[in-house]
Structures are given as C-alpha cells and as structure tokens.
Amino acid sequence: MVSFYAKVYEVVRCIPTGKVSSYGRIARMLWAPQASRAVGYALRGLRHRIHDPDYSDIPWHRVVSKEGIIRVGVQGEEDLLQVELLQTEGVEVGAPKYRVDMKKHLWKGLSPEEVGELIEQLELLKEAATDRA
DNA sequence: ATGTTGACGGTTG
DNA sequence: TCAACCGCCAACA
C-alpha cells in the first residue's frame with residue numbers, strides 16, 4: 001500500500017501557482033474526510049527538505065486552513081516562510097492574522113477520477129520499485 | 001499492541 | 001469574529 005503521506009504529496013504537487021487548497025479539502029479528495037489533521041502532519045516536515053530532490057518539488061506552502069489562515073509561529077518563534085512564498089507567487093496575505101482570500105485563490109481541486117489515476121500511478125511506481133528490490 | 005503527537009475542522013458560547 | 005473544547009487520523013516509538 002502506498003502511504004497516506006505519499007498520496008497527499010501527489011495531490012499537493014497538482015496545486016497550480018497562485019492557488020491554494022486546505023488540509024480538509026485534500027483529505028476529502030483522498031476519501032478520508034476526517035484526516036485533515038493528518039494532512040497537516042504530512043506537510044509539516046517538508047519545509048526542512050528543500051534540498052531533497054524527492055520532496056523539493058512539493059508546493060507545501062499552498063495548503064492553508066479552511067478559512068485561509070496561515071499557521072505562523074511554530075515552536076514559539078514566528079516563521080513567515082510560508083507567507084513569503086505565497087506572496088512571491090502573487091497571493092496577497094492579509095495582516096495581522098495572515099489570511100488568504102479563499103474566494104479569490106482557492107484551487108478547484110481534482111475530480112475523483114483524477115485522484116484515482118494519480119493513486120494508480122503511485123501504485124505502479126511502488127510495484128516497480130519493489131520488483132527491483 | 002498501545003500511547004503520543006499535532007500546518008485540522010466543526011461546534012458552542 | 002474569537003477562543004476553548006473535542007473528535008479524528010496516520011506515523012512513529
């Protein structure tokens with residue numbers, strides 16, 4: 001089985017520049033409507049892997065809360081990296097609550113069929129990898 | 001097997 | 001709008 005995190009990463013890769021999605025929407029696309037929290041957990045480590053070719057192409061910063069609020073200040077100290085990355089892409093972020101206008105930037109998302117194809121490709125890749133081993 | 005850990009989300013006051 | 005509370009879930013030890 002392909003891990004839940006791997007599926008999350010594939011969907012996030014599909015978010016176009018200038019658009020954002022939410023943890024809950026990603027979870028629903030993956031037929032796990034209650035797993036929004038797990039989606040966030042899957043994404044949290046990516047910011048430290050910008051030099052890892054396997055993960056550096058995942059636009060983790062394009063995922064925010066349902067209301068468009070960006071989480072800054074992990075571990076006490078304020079971290080505005082996500083805000084800066086979004087602004088670079090032309091997404092305006094309101095202060096002081098660091099909020100994105102979801103009316104304007106929300107990504108439509110993938111259809112169930114598209115998600116199905118995505119997962120299928122992942123399964124094939126994994127199969128090929130295990131065969132090689 | 002079991003408990004812990006949260007980039008969440010819905011509800012309530 | 002805001003915050004406190006609570007239920008969920010996948011990964012990891």
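Every chain is numbered from 1, with letters handed out A, B, ... down the list of sequences.
Within 4.0 Å of A/Phe4, counting heavy atoms only, lie sugar-phosphate atoms of the nucleic acid but no base atom.
C/dA13 and B/dA7: their C1' atoms are spaced 22 Å apart (whole Å).
Considering only heavy atoms from C-beta on, A/Ile58 stays 4.5 Å or farther from A/Arg49 through its side chain. Two residues are said to be in side-chain contact when any heavy atoms from C-beta on lie closer than 4.5 Å; A/Met102 and A/Val20 meet this criterion. The closest side-chain heavy-atom distance from A/Val63 to A/Ile15 is below 4.5 Å.
Pair check for C/dT1 finds none; no Watson-Crick or G-U wobble contact set falls under 3.5 Å. In this entry C/dC6 has B/dG9 as its Watson-Crick or G-U wobble partner, both defining distances falling under 3.5 Å.
Under the 3.5 Å distance criterion, with hydrogens and angles disregarded, no donor-acceptor pair is assigned to the side chains of A/Arg28 and A/Ser36. Side-chain contact check for A/Ser111 and A/Glu113: at least one donor-acceptor pair (N or O, by modelled atom type) lies under 3.5 Å.
Atom-to-atom, CD1 of A/Ile26 to P of C/dC9 comes out at 18 Å; the value is rounded to the nearest Å. Rounded to whole Å, the distance from CD on A/Glu67 to P on B/dG9 is 8 Å. Rounding to whole angstrom units, CG of residue A/Leu30 and P of B/dG9 are separated by 14 Å. The CD1-P distance, from A/Ile69 to B/dG10, rounds to 13 Å in whole Å. A straight line from CZ of A/Arg28 to C1' of B/dG9 spans 9 Å, rounded to a whole angstrom. In this entry the distance linking CD of A/Gln82 with C1' of B/dA7 reads 7 Å, nearest Å. Between the CZ atom of A/Arg25 and the C1' atom of B/dG9 there is a distance of 14 Å, given to the nearest Å. The interatomic distance linking A/Leu80 (CG) with B/dA7 (P) rounds to 16 Å, in whole Å.
Set against C/dC9, C/dA11, B/dG9, the side chain of A/Tyr5 has C/dA11 as its closest nucleotide. Closest approach to the A/Tyr41 side chain among B/dT5, B/dG9, B/dA7 is made by B/dT5 (side chain taken as heavy atoms from C-beta onward). In the set B/dG6, C/dC8, B/dG9, the nucleotide with an atom closest to the side chain of A/Arg44 is B/dG6. In this structure, the nucleotide among B/dG10, C/dC2, B/dG6 sitting nearest to the side chain of A/Arg99 is C/dC2.
For A/Arg37 and C/dG7, a side-chain-to-base donor-acceptor distance below 3.5 Å is present, hydrogens and geometry of angles not being considered. You'll find a donor-acceptor pair under 3.5 Å spanning the side chain of A/Arg47 and the base of B/dA7, going by distance alone.
Classification of B/dA7 as syn follows from a glycosidic angle within 90° of 0.
Dashed line: the shortest gap from a side-chain N or O of A/Lys66 to OP1 or OP2 of B/dG10 is under 4.0 Å. Residue A/Arg71 has a polar side-chain atom (N or O) positioned under 4.0 Å from OP1 or OP2 of B/dC8.
Across all their heavy atoms, A/Gly40 and A/Tyr23 have their closest contact at CA-CD2, 3.6 Å.
When each of A/Ser65 and A/Ala38 is assigned the nucleotide of DNA chain B with its nearest heavy atom, A/Ala38 is the one assigned upstream, toward the 5' end.
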